[in-house]
Every structure is written in C-alpha cells, then in structure tokens.
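In what follows, residues are counted from 1 in the order of the sequence shown. The figures here come from the full heavy-atom set of this structure, side chains too, leaving out hydrogens, waters and symmetry mates. Counting starts at 1 for both ligands and their atoms, in listed order.
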Amino acid sequence: MKIIMLGAPGAGKGTQAKLIAAKYNIPHISTGDIFRANIKTGTPLGIKAKEFIDKGLLVPDELTLDLIKDRFLGADCINGYVLDGFPRTLPQAEALAASLAESGEKIDYAINVDVPDENIVNRMSGRRACLKCGGTFHIKYNPPVKEGICDLCGGTLMQREDDKPETVARRLEVYHEQTQPLIDYYKENGVLKTVDGTQDVDKVFSDIVDILG
Ligand code: ADP
Ligand code: AMP
C-alpha cells in the first residue's frame, strides 16, 4: 500500500502517518525528519536545506528529489510506505509518478488531513518534537507523561525553530501557493480521500482506517 499524507503544516500528517505505519507495517518516510537528521549531523545537504527551512520556505525540488529517490528502493519498502511531507510541489508529484510508472506502480491513496488555518497556529505553537527519535507531542492536545521528555525514547523535547509564529505564517502561505494544488492533482488521479483533521487524534485515525480497510 502506497500512501501520501497531504495537508497544511501542523495538520497532523506525521501523527497519523506514524499510526498508519505501525498498523499496516509499512515504513513512515518523512522528508522533514530526513532533513532534520541531516541538519543535526551537519551534512552538506543539511547545511543547504537549513537555509530554506529556517525561513519557512520549501527546500528546492532538485535537492529534495535527490534526497528521497533512493529511499524507495529500501528493502523495507517492498509492501509500500506512507509518505509524510513529500510530495509538496507539482514537480515533485510528477517526478514520483514517473518513477513509480517505470515499474508499473502508482500511489494508492492520497489522504488529505483537512484543518483550517485558524487551528494551525495553535497546533504548531504547542508542538514539541523529540530531536532523537522524531516523536511528536503537543503541550495541550497530546502531552507527554513527563513534561519536556519524550515518552518513546526519553529524549529531550524541543520547540522546532520553524514552529515559531512568524515562520508558521510564512509556511502556511507557502503551503497554499505550492502544496495545496496537489489536492486537485490527486483528485484527478482518483486517489484523493479527505478526512476531518480537527477531530481528536483517535477519531482521525479511525476515519483513515475506514478508508484503508
Ligand atoms: P504535521 O506532520 O502535519 O506537520 P504533526 O503530526 O506534527 O503535524 O501535528 C502538529 C501538532 O498538532 C503536534 O503537536 C501534534 O501533537 C498535534 N496534533 C496532531 N493531530 C492532532 C489532533 N487531531 N488534534 C489535536 N492536536 C493534534
Ligand atoms: P515538515 O517536518 O514536513 O513540516 O518539514 C519541515 C520543513 O522541511 C518544511 O517546512 C520544508 O522547508 C522542508 N521540507 C520537508 N519536505 C519537503 C519537500 N517535500 N519539499 C521541499 N521542502 C520540504
């Protein structure tokens, strides 16, 4: 099963993608997590990507496609994957479709987690992420058992630099300009499914499971 998560930054794509990956036993592939891992270890890709990420801009397609192209070849992708944060532009979606078409494959579901902009700022300002394992929490909606500590690995939880309010506004603009058109693209492809992302995490997930079966 090949699944794409669509939705604004902070809509809950990562939260749902982790639940999907665990239930259907497929890898969760997050380009944001891969960029952050590269930034942390100071790779040349990470250094280039950081410039864009810190400003709330998208990393250029060429860099992003370079980053992701080999990931699908991993042995763990044999039964599919759930993509979180990729594709984010039409050229990325087209490159993905072309690469899948080479082996007669296609995306099965594009799940649009729909959350209006008004809710996004709250979601992002309360998000706390574990830099060690990528675990995501929310100080109010999904708090860790112990404040500031990741339930999953005991790592320290941090506010992402790009979750500060001024950057969030920019990221939302970029989303509407560059990523939202993918909703129509996948609708035309006949694979778009929309869920109401304003519901609590468990309800959003049960709606997704109803779609995936
Ligand atoms: P995305 O991957 O789309 O950027 P996340 O999954 O990281 O979004 O979620 C953004 C923030 O909102 C996190 O702090 C997360 O814990 C919280 N969150 C996710 N889903 C919900 C939900 N259904 N209701 C309330 N808060 C949520
Ligand atoms: P995320 O963790 O998905 O919110 O991604 C964090 C940031 O990484 C984004 O705001 C972008 O700057 C960058 N990024 C992640 N995925 C992509 C992508 N597919 N294309 C371009 N930039 C991306």
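Residue contacts with ligand 2 for T64 involve side-chain atoms from C-beta outward but no N, CA, C or O (heavy atoms, distance under 4.0 Å). Contacts of K13 with ligand 2, taken as heavy-atom pairs under 4.0 Å, are absent altogether. The part of R160 lying near ligand 2 is the side chain, judged by heavy-atom distances below 4.0 Å.
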* Asked: Can you check side-chain contact (heavy atoms from CB on, under 4.5 Å) on I53 and I39, steps first, answer last?
  -> CA-CA 10 Å; I53 295 176; I39 291 171; 4.0 Å; yes
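When the heavy atoms of A8, G85, A17, G32 are ranked by distance to atom 18 (C) of ligand 2, first place goes to G85. Scanning T136, I53, L58, V168 for the heavy atom closest to atom 13 (C) of ligand 2 points to I53.
Every residue meeting the salt bridge (Lys or Arg N to Asp or Glu O under 4.0 Å) condition with K203, not counting sequence neighbours, appears here in chain and number order: D207. By the side-chain hydrogen bond (donor to acceptor under 3.5 Å, both in side chains) test, K193 pairs with no residue at all, sequence neighbours left out.
The one candidate from M1, M5, H28 that meets the side-chain contact (heavy atoms from CB on, under 4.5 Å) condition with I20 is M5. Just one residue in the list Q16, Q199, K18 forms a side-chain contact (heavy atoms from CB on, under 4.5 Å) with F205, and that residue is Q16.
Between F35 and ligand 2, no pair of N/O atoms sits closer than 3.5 Å. For ligand 2, the polar-atom distance check finds an N/O of R171 within less than 3.5 Å of one of the ligand's N/O atoms. Among the atoms of Q92, some N or O lies under 3.5 angstrom from an N or O of ligand 2. Here's the thing with T31: one of its N/O atoms is less than 3.5 angstrom from an N/O atom of ligand 2. Polar contact check, L57 against ligand 2: a nitrogen or oxygen pair lies under 3.5 Å apart.
Listed as neighbours of ligand 1 are A8, P9, G10, A11, G12, K13, G14, T15, R123, R127, T136, F137, H138, Y141, N142, G197, Q199, D200, V201, each bearing a heavy atom under 4.0 Å from the ligand.
Remark: distances from the non-hydrogen atoms of R36 to ligand 2 include one below 4.0 Å.
The protein heavy atom nearest to atom 22 (N) of ligand 2 is V59 N, 3.0 Å. If you check which protein heavy atom lies closest to atom 15 (C) of ligand 2, you get R88 NH1, 3.2 Å.
Enclosure of atom CG in N25 is not indicated, since only 12 or fewer non-hydrogen atoms of other residues, nucleotides or ligands lie within 6.0 angstrom.
Pairs passing the side chain to side chain donor-acceptor pair (under 3.5 Å) check and including a residue from residues 119-131, sequence neighbours excluded, read R127-D163.
Considering every non-hydrogen atom in both D76 and P27, the closest pair reads O-CD, 3.3 Å. The heavy-atom pair separating G7 from K13 by the smallest distance is O-NZ, 3.3 Å. Taking both residues in full, the closest heavy atoms of N79 and I26 are given as O-CG2, 3.5 Å, listed atom of the first, atom of the second, then distance. Taking all atoms of both residues into account, the shortest heavy-atom contact from L96 to P87 is CD2-CD, 4.0 Å.
K164 and E161 are joined by a salt bridge, as a carboxylate oxygen and a charged side-chain nitrogen come within less than 4.0 angstrom of each other.
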